[in-house]
Amino acid sequence: MQVRVQEEDFDPAEVLAEKLPSACGAVVSFVGTVRDYSDASDILALEIEHYPGMTERELRRVQEEAARRFDILDSLIVHRYGNLGPSERIVLVAVWSSHRAAAFDACRFLIDVLKTSAPFWKKEITPAGARWVTDCPGCRAGTRHGHVHPDVLQES
Amino acid sequence: MQVRVQEEDFDPAEVLAEKLPSACGAVVSFVGTVRDYSDASDILALEIEHYPGMTERELRRVQEEAARRFDILDSLIVHRYGNLGPSERIVLVAVWSSHRAAAFDACRFLIDVLKTSAPFWKKEITPAGARWVTDCPGCRAGTRHGHVHPDVLQES
Amino acid sequence: MLHVKFFASIRERVGRSQMELPWAEGMSVAAALQAVEASSGVALRGQHLLAARNHEHVTFDEPLADGDELAFFPPVTGG
Amino acid sequence: MLHVKFFASIRERVGRSQMELPWAEGMSVAAALQAVEASSGVALRGQHLLAARNHEHVTFDEPLADGDELAFFPPVTGG
């Protein structure tokens, strides 16, 4: 299991080629890239901020949880921070397993959980200015979710 | 959309790098490799036979079905035939989409349907000799499935 | 004329990769299979068998046309 | 002493990336947040806010120890 948090770009092929357990039958990988649109406005660039130390720790925690939940051999997370232009790679999640079902399930689990727990924040640079991405699916749905709202501190 | 059926090995990075639609936010890829064990015996090599013409047609059909079912931008299938040693790549399925859920769903759909409909057959070369892989999940489960058994032709 | 192909374990069982069969009006895949068994002397009915007509999966009641390419093979195991 | 860090929109709202706060016996994350508001003059309660103590997500009733690193930040949007 490996976690990399880095500013520089990565070559998915190279990082995937580094590790291939011999009992492996399936590799599922997810690469997230900067889209050139978001809702209505054009995205000129993305600024990604992270929390050095906590980010790595949280990614490792998510990896360990995936290793407990799914029958997998290995996993890798690479996540960038800093200034990223359209169609640049942001994140790579890869899972090695003997069988494809576990590889698909674990890869999806890793990216889904990473997105709601790893301390990364995106700021979109658009022609109209910069704005923080504030997409919290839990807030949108109004359901109970990962974070506490201070305005309901009294209730919790 | 592209389908490649070939004897020679492929570099997943190279084939993935060739195509990246600009609205793309997610790439999910699956690579299937030869495992060095299967049930009890060691696998020395795998012989993959295919049906030239029908194989390509069937892969394209599966791709078109995925394009209809899921909100994806593009997909690619590369499948090898011939003699493959342990840990060699057999198949690559990749899907490009604006959003990761559709990319995961479509990639899984493609490899699942491919495995039950594309005319490829595996022969395992083991220390005890060669044997055809005859894994038919439907036959195993005894449920109604993709192929007709001639011994029940009278009933059908 | 029907152009019949065999693949994988079915090819090995029949002992050849293809044969030509005379076509007859109203002939189905099942009838062609009987003709293959008669011509080769090999019983295929106990096998798990799929059929394709002109590169498309078909069931055994599919009618055939003169000049069709017909194929018999075991369940696929690709990927 | 508590070492408090701010990230993303919360960092911009507070106007700084970190501050030191005196620690008091029995202090919770919620109490530290009040101290941050008092010290910076910036109200954070209307914001969607998460907290971490020593690099782990915590709820606002989590008790703090002297020397802890505490962080406040908005919901994460990585990946």
Side-chain angles (χ1 to χ4, degrees), chain B residues 5 30-33 38 46-62 77-81 90-93 110-124 130-140 145-156, chain C residues 2-19 21 27-64 67-79:
Chain B
V5 178
F30 168 82
V31 175
T33 52
S38 168
L46 215 53
E47 282 270 347
I48 300 185
E49 183 170 334
H50 77 302
Y51 182 173
M54 178 170 173
T55 301
E56 291 83 351
R57 179 183 179 135
E58 189 61 20
L59 292 178
R60 278 193 296 269
R61 195 190 61 74
V62 173
I77 301 173
V78 185
H79 201 301
R80 294 176 66 195
Y81 60 87
I90 304 170
V91 61
L92 165 74
V93 176
L110 283 171
I111 184 68
D112 285 352
V113 175
L114 177 164
K115 275 177 176 271
T116 59
S117 82
F120 287 105
W121 303 273
K122 281 180 188 154
K123 192 181 217 174
E124 292 174 347
R131 63 167 182 227
W132 289 102
V133 176
T134 55
D135 184 43
C136 176
C139 293
R140 250 194 284 125
H145 54 291
H147 64 100
V148 175
H149 291 182
D151 49 357
V152 294
L153 272 186
Q154 277 65 22
E155 305 168 33
S156 69
Chain C
L2 295 173
H3 310 279
V4 188
K5 296 189 168 190
F6 309 102
F7 291 94
S9 57
I10 302 301
R11 172 179 52 72
E12 292 183 351
R13 196 174 169 86
V14 175
R16 51 202 291 190
S17 61
Q18 51 190 319
M19 65 170 63
L21 278 182
M27 202 179 192
S28 69
V29 173
L33 178 63
Q34 282 188 313
V36 166
E37 290 180 312
S39 164
S40 64
V42 177
L44 295 174
R45 304 221 145 201
Q47 308 294 306
H48 289 184
L49 200 71
L50 284 86
R53 180 195 169 212
N54 298 331
H55 295 173
E56 280 190 70
H57 289 289
V58 291
T59 55
F60 283 73
D61 53 3
E62 177 83 5
L64 298 172
D68 276 352
E69 178 173 310
L70 183 62
F72 293 107
F73 44 79
V76 306
T77 54

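In what follows, every heavy atom counts, from backbone to side chain, and hydrogens, waters and symmetry copies are set aside.
Taking all atoms of both residues into account, the shortest heavy-atom contact from B:K115 to C:G78 is CG-O, 3.2 Å. Minimum interatomic distance between B:V133 and C:T77 (heavy atoms only, all atoms of both residues): O-CG2, 3.5 Å. The two residues C:V76 and B:T116 make their nearest non-hydrogen contact at CG2-C, 3.5 Å.
Ranked by heavy-atom pairs under 4.5 Å with chain C, the first of B:Y81, B:F30, B:W132 is B:W132. Listed options B:E56, B:H79, B:E49 were ranked by heavy-atom pairs under 4.5 angstrom with chain C; first place goes to B:E49.
If you measure heavy-atom distances from B:I111 to chain C, the contacts under 4.5 Å come from the side chain alone. There is no contact between B:T55 and chain C, counting heavy-atom distances below 4.5 Å. In this structure, chain B has a heavy atom under 4.5 Å from the side chain of C:E12, while its backbone stays farther away.
Here the side chain of B:K122 pairs a donor or acceptor atom with the backbone of C:G79 at under 3.5 angstrom.
C:H57 places a side-chain heavy atom less than 4.5 Å from the side chain of B:E58.
Ring geometry for C:F7 against B:W121 counts as parallel: the plane angle stays under 30°, on a 0 to 90° scale with 60° as the upper cut.
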